[in-house]
Each structure stands twice: as C-alpha cells, then as structure tokens.
Student: 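Next up is a structure, given as structure tokens.
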Amino acid sequence: MPVTPGHTTGSSITRALRVVEAVAAAGDGVTAKAIARRLGAPLPTVYRALGTLVEEGYLVRLHDVRGYGLGYRVAELHRGLTEQVRPPAPVRAVLHEVHATTGAAAYLAVFRDVDVVVAHIDDCTDHPRPAPMRVGEPTEAHAIAAGKVMLADMRPGRLAELIGRRGMPRLAPQTVGDRRALDRELMRIRSDGAAVEVEEYQPGVAGVAAPVRGPGGEVTAALGVSVTRADFTDRRWELERVVRHAAARVAAAVPRSE
C-alpha cells in the first residue's frame, strides 16, 4: 500500500514503522530504492526515515552489502517482551519436569489483552516445539490445544473479537476453519476440561493441553505438550494425565495477589 506523504508526527511514525517492517521482510542488504518501491513512497522520504532509524539503532547500514538491516534495538525490544510474559521460576520448573518425564515439548500459553501468547517453551532437539510456535508471539488459538482451552473460557464478545481480528487460517490438514465447528469443539472442552489437537497446528504434530485456573476458577493460562501424531496415538491418555496434573501444580505455584 502506498504511503501518503505528510508532515504530522503520526504520519512520520507510521512511515518509520513501515520502513522497519520492509527491512525485516526483505532481509539484510535491502536498498533505499527497494524500500521506496515496496512502500510506494518518495525516495527522499525513505532516506529521512532511514537516517533517523539508523541513528536510533532500529536499523543498521551494512556497508559490505550496500544496504540496510534490522538494528539491535529491535532485538532488545523482543527480549523485553519475552521477559514480560515469562512465567516465574517455579512454573518453568514444572514445564521442564513435564518435558523431561514425557519426552514431549512442553509450553505455557497466557492471555495478553485478547491474544493468546506463548509465554514459555521447554523443548530440545529430540523433542522440538512445533515450528510456528515462538515465545512472546500470539499463536493461532483455534488450531492449538492450549489456545482452544483458553478460547473455551472466553466470554462470547471477547471470543468474537479475537476471531474477528485474527481469523481462523487453515494451518494443517485438520485445522478447524468453521466457526460453528469451533463452537462445538469449545463446548466439548468445557465439559472435558482438556483440549486435544491432531494435525491442526502443524502437519504430523498432535498435542493435549489443560487449563491453569485462578483463585476464582477462571482460566488464566494453559499448559500443553506437543509430540508427533504417531506418539500421540500411542500415549494420548498418559500425556493428558500428566498435563492435567502439571496444570494444577502451575496454578498452585503462581503467587496470589492480596
């Protein structure tokens, strides 16, 4: 979408953000001319934004490839975000124990505004997380077990807001893409107290998750594990038992406010 030239603070900030996004999408070495073409913006406007962003550390000028790349301030921002959602040490210890004892990637999802965000993952090369899953980033809640656990506890208006904003993209062969089908699944989860996914988030991957409840019974987070589909078929009930117990331990480990 072309960027409309302007001189207000708001438009300058927007242009700068679009420039950062363009550099992130293009990768190291993108030129000012390429950025201007991508954004549909005048080259002098792009040069002014680039100068400010380099000066402030959000971009770097890469002389060897004669282009621009993301700066290290961006990494600092991401580290700050992951620290904000990172659970306390006792919770991380529970996730590590689940990973070690089950041979499954263990993760915790939390609410951040209306989004369901991955707060922590405990995995390894032998038992890796699903490829799309990243700490500090929203997950496609309709497609992953922990996300569905949290959607099941949402008020209808908040659920509609999340689905309306993020949609229900099809990620894998069995992703639920129909709102009525999702509502039926959420009703089942409310009854069972746990959610499963089988090739809904990533092909060949399955998992199970259970709610972490606050003092009033509300769902504040969800603890899940991810394994291969074949492993899940063999161990589904064992994994669910471990996850339910671990979610209760996490709830007990979270400090209660006065």
Side-chain angles (χ1 to χ4, degrees), residues 1-86 105 107 109-110 112-126 128-144 147 162 164-172 175 201-205 226:
M1 177 182 295
V3 175
T4 302
H7 301 287
T8 66
T9 301
S11 63
S12 298
I13 292 172
T14 301
R15 279 197 299 272
L17 292 171
R18 296 295 174 263
V19 168
V20 172
E21 291 171 353
V23 173
D28 279 358
V30 63
T31 64
K33 289 182 179 179
I35 296 169
R37 285 195 301 270
R38 178 184 288 263
L39 299 181
L43 186 58
T45 300
V46 171
Y47 270 122
R48 285 196 295 273
L50 286 169
T52 300
L53 290 165
V54 169
E55 183 178 347
E56 295 297 327
Y58 294 100
L59 297 179
V60 292
R61 179 76 169 89
L62 302 169
H63 297 284
D64 54 339
V65 292
R66 298 185 179 182
Y68 295 86
L70 290 179
Y72 306 108
R73 288 290 297 277
V74 175
E76 291 175 12
L77 291 175
H78 185 262
R79 284 195 296 272
L81 173 58
T82 57
E83 283 299 316
Q84 288 175 23
V85 300
R86 190 184 192 202
Y107 67 97
V110 299
R112 196 166 191 262
D113 193 21
V114 298
D115 289 317
V116 176
V117 175
V118 178
H120 188 67
I121 307 171
D122 201 299
D123 66 348
C124 63
T125 54
D126 291 332
R129 71 192 70 183
M133 186 184 289
R134 296 178 179 87
V135 172
E137 297 185 11
T139 188
E140 301 296 351
H142 69 292
I144 193 166
L162 186 149
R165 187 166 71 177
R166 297 192 63 85
M168 296 176 59
R170 191 174 183 83
L171 306 179
T175 305
Y201 189 58
Q202 182 181 332
V205 172
S226 288

Student: Once you round to the nearest 0.5 Å, how far does CD of E76 lie from CG of L81?
Tutor: 14.0 Å
Student: Do L59 and L70 come close enough that some side-chain heavy atom pair is under 4.5 Å?
Tutor: yes
Student: Could you tell me which non-hydrogen atom of G147 sits nearest to which non-hydrogen atom of V116, and how far apart they are?
Tutor: CA-CG1, 4.2 Å
Student: Of all heavy-atom pairs between G136 and T82, which one has the smallest distance, and what is that distance?
Tutor: CA-CG2, 4.4 Å
Student: Mind checking the CD-CZ spacing from E21 to R38? Nearest 0.5 Å is all I need.
Tutor: 10.5 Å
Student: Is a donor on one side and an acceptor on the other found under 3.5 Å between the side chain of R170 and the backbone of T175?
Tutor: yes
Student: Measure the spacing between CD1 of I144 and CE of M133 and express it to the nearest 0.5 Å.
Tutor: 3.0 Å
Student: Roughly how far, to the nearest 0.5 Å, is CG of L50 from CG of L43?
Tutor: 9.0 Å
Student: Kindly determine whether L39 and T45 satisfy side-chain contact (heavy atoms from CB on, under 4.5 Å), including the steps that lead there.
Tutor: CA-CA 11 Å; L39 299 181; T45 300; over 6 Å; no
Student: Would you name the heavy atoms of R61 and G67 that are closest together and state the gap between them?
Tutor: NH1-N, 2.9 Å
Student: Stepwise, does the side-chain contact (heavy atoms from CB on, under 4.5 Å) test hold for R112 with Q84?
Tutor: CA-CA 10 Å; R112 196 166 191 262; Q84 288 175 23; 3.2 Å; yes
Student: Nearest 0.5 Å, what's the CD1-CZ distance between I121 and R134?
Tutor: 9.5 Å
Student: At what distance, to the nearest 0.5 angstrom, does CD of E137 lie from NE2 of H78?
Tutor: 5.0 Å
Student: Set out, in order, the CA-CA distance, both residues' side-chain angles and the distance that settles side-chain contact (heavy atoms from CB on, under 4.5 Å) for L162 and H142, then state yes or no.
Tutor: CA-CA 10 Å; L162 186 149; H142 69 292; over 6 Å; no
Student: Under the 3.5 angstrom rule, does the side chain of R66 hit a backbone N or O of G29 as a donor-acceptor pair?
Tutor: no
Student: Looking at V205 and P130, what are the two nearest heavy atoms and their distance?
Tutor: CG1-CG, 4.2 Å
Student: Give the minimum heavy-atom separation between A119 and V85, together with the two atoms involved.
Tutor: CB-O, 3.2 Å
Student: A side-chain contact here means heavy atoms from C-beta on lying under 4.5 Å apart; do R86 and V135 qualify?
Tutor: no
Student: With a 3.5 Å cut-off and no angle check, do the side chains of Y201 and T139 form a donor-acceptor pair?
Tutor: yes
Student: Measure across Y58 and L77 and return the closest heavy-atom pair with its distance rounded to 0.1 Å.
Tutor: CE2-CD1, 3.8 Å
Student: Do D123 and Y107 come close enough that some side-chain heavy atom pair is under 4.5 Å?
Tutor: no
